[in-house]
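What follows is a single structure, written as structure tokens, with notes after it.
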Amino acid sequence: MLHMNNLIAGEWVAAADGAVMEVTDPATDEVVGVVPRSGPAEARAAVAAAHGAWPAWRERTAADRGAVIRRLGDLMLRDQDRLARLLTREQGKPLAEAVGEISYAASYLHWAAEEGKRVYGDIIPASAPNKRILVLRQPVGVVAIITPWNFPAAMIARKIGPALAAGCTAVVKPAEVTPLSALAMGELAIEAGIPPGVLNIITGDPEAIGEQLLSHPSVRKLSFTGSTKVGRLLMRKAATNLLRLSMELGGHAPFIVFEDADIDAAVAAALANKLRNAGQTCICANRVYVHAHVHDEFVAKLAAAMSALRLGPGLQPGTQVGPLINDAAVAKVEEHVQDALDRGGRLRTGGARARLDGLSARFFQPTLIENVRPDMKFHSEETFGPVAPVRAFESEEEALRWANDSPYGLASYFFTRDASRLMRVAEALEFGIVGANDAAPSTAQAPFGGVKHSGFGREGGRYVMDDYTQLKYVAWSL
Ligand code: ADP
């Protein structure tokens with residue numbers, strides 16, 4: 001069992017009152033580690049450390065900052081297996097997915113390390129011959145970073161990479177159920193040479209820590225990934241100090257299969273997209289719309305593939321679907337399934353918890369329900385579980401109308417072999433991310449992010465540096 005502490009100003013520190021919280025394995029209920037239950041005092045200390053470290057960090061060259069950020073990425077790859085095992089133990093996903101998440105996290109660090117070197121300013125032609133206008137792009141300052149449990153390493157890498165590369169310093173508060181991966185990254189950050197105070201990580205009470213981070217005058221930005229509900233709450237609190245915001249919130253992705261699609265490719269993509277992390281991702285398909293001509297074939301193939309998946313603890317070789325994160329998550333999936341069945345949904349496979357010997361009751365069978373209608377919970381709420389709700393459509397117009405009929409706007413997917421339709425539909429979908437014949441769109445070089453109630457701000461690509469820099473202009477009279 002691991003005993004880990006907060007990382008504040010380069011030191012490992014317990015909560016001032018010694019309070020701790022346990023981290024448990026969702027597959028077995030075993031205690032994996034113990035971390036501090038920190039509160040306001042630790043949050044203030046972490047902000048003070050980040051603020052103190054800022055001037056020296058921002059004055060380094062971008063290449064210099066990039067070198068240590070790159071080294072952190074390299075060290076994550078060096079320790080990939082160890083980090084992946086830890087991630088699986090606290091979060092539950094199959095080990096192969098955890099290994100993939102560590103590479104994915106490192107790719108964001110590597111990308112940001114390079115992109116920080118290309119934060120250019122401008123010189124604007126001025127209004128008078130003796131004047132010059134210089135536009136500088138500067139780091140925003142101390143960034144508060146609050147992350148969710150579904151990607152305990154990647155969500156942090158996606159934020160600290162560009163924040164630090166831009167010359168900001170950071171205080172990270174990881175999700176309370178998955179703090180070990182975050183603290184393990186902190187250990188590697190020290191080894192990589194990230195100076196004391198540049199990256200601080202504190203675990204504990206979300207509300208108390210959040211309150212301090214958002215009200216502290218030294219914090220200039222909040223970068224948050226999590227639910228729309230909490231995002232909205234934090235945005236209200238961030239109003240007091242007029243913090244800059246990056247908000248990666250919930251999604252409710254439509255997955256459209258047109259009559260001219262490559263059905264086998266669409267089935268394989270739906271399976272991978274829907275079952276990754278047992279359906280606990282903000283970009284996984286929540287609503288599957290299939291053209292009536294190909295509906296039966298698609299549903300039969302997807303149901304067969306889903307029922308063949310192997311459930312088990314993430315560390316067990318061959319496991320394809322792990323447990324859900326906690327009891328409330330399973331209860332929500334059960335509630336959505338029951339609601340659909342009560343309203344005329346037809347169960348094609350799954351539909352209940354899987355009881356596995358000696359393991360927790362958090363495993364849910366991959367489930368496909370057809371005949372889904374708009375009055376079902378599936379249609380409006382994020383299920384966050386291994387369930388594919390399917391509905392047949394008759395026309396492109398109908399599919400697009402259904403797809404856009406959501407307050408969310410993060411990811412969307414569609415499958416077609418008609419090139420004109422591909423462009424038409426991609427342009428019409430009201431989402432930040434469109435997967436066209438592609439259900440794995442996330443990558444470090446692309447601007448991940450949503451519209452509408454899925455938030456704003458972009459993570460990845462050259463665009464990400466905008467989120468951690470601000471413009472200043474110098475009006476210069478010669
Ligand atoms: P999820 O549904 O993915 O758990 P949440 O939005 O509940 O998403 O949580 C995302 C992150 O926000 C976690 O780190 C959690 O601890 C944090 N969080 C939740 N409530 C608050 C709050 N009131 N103040 C600050 N952080 C919070």
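Both ligands and their constituent atoms are indexed starting at 1 by order of listing.
Under the 4.0 angstrom criterion, atom 9 (O) of ligand 1 counts as lacking any protein heavy-atom contact.
Between Arg78 and Glu191 there is a salt bridge, since a side-chain N of the basic residue sits under 4.0 Å from a carboxylate O of the acidic one. Salt bridge annotation for Asp405-Arg401: absent, with no cationic side-chain nitrogen under 4.0 angstrom from a carboxylate oxygen. At a threshold of 4.0 Å, the pair Lys237-Glu211 counts as salt-bridged, since one of the basic side-chain nitrogens sits closer than that to a carboxylate oxygen.
Each of the atoms 23 (N) of ligand 1 lies under 4.0 Å from some heavy atom of Leu233. Taking a cut-off of under 4.0 Å to the non-hydrogen atoms of Glu176, the atoms of ligand 1 that pass are 15 (C), 16 (O). For ligand 1 and Leu234, the ligand atoms under 4.0 Å from any heavy atom of the residue are 24 (N), 25 (C).
At a cut-off of 3.5 Å, with distance as the only test, no side-chain donor of Gln365 or Thr367 sits close to an acceptor on the other residue. Checking Tyr413 against Asn273 by side-chain atom types alone, a donor-acceptor pair falls below 3.5 Å.
When side chains are defined from C-beta on, Met185 counts as touching Ile156, because their heavy atoms get closer than 4.5 Å.
The shortest contact between atom 21 (C) of ligand 1 and any protein heavy atom is with Val230 CG1, 3.7 Å. Annotation: atom 17 (C) of ligand 1 to nearest protein heavy atom, Ile146 CG2, 3.6 Å. Nearest non-hydrogen protein atom to atom 22 (C) of ligand 1 is Glu207 CG, 4.0 Å. The single protein non-hydrogen atom nearest to atom 4 (O) of ligand 1 is Trp149 NE1, 2.9 Å, given as residue, atom name and distance. The nearest heavy-atom contact from the protein to atom 14 (O) of ligand 1 is Thr147 O, 2.6 Å.
At a 4.0 Å cut-off, not a single heavy atom of Phe384 sits close enough to ligand 1 to count as contact.
Taking all heavy atoms of Pro174, Pro206, Ala182, Gly231 into account, the minimum distance to atom 25 (C) of ligand 1 is reached by Pro206.
Checked by distance only, ligand 1 and Ser227 come closer than 3.5 Å through their nitrogen or oxygen atoms. The distance criterion of under 3.5 Å between nitrogen or oxygen atoms is not met by Thr225 with respect to ligand 1.
When atom types are taken as modelled, the side chain of Trp149 and the backbone of Glu176 share no donor-acceptor pair closer than 3.5 angstrom.
Taking the six-membered ring for Trp, Tyr289 and Phe414 have ring centres at least 6.0 Å apart.
Classified by interplanar angle (parallel below 30°, tilted 30° to 60°, perpendicular above 60°), the ring pair Phe415/Phe255 is parallel.
Residue contacts with ligand 1 for Ile209 are absent, since no atom lies close enough (heavy atoms, distance under 4.0 Å).
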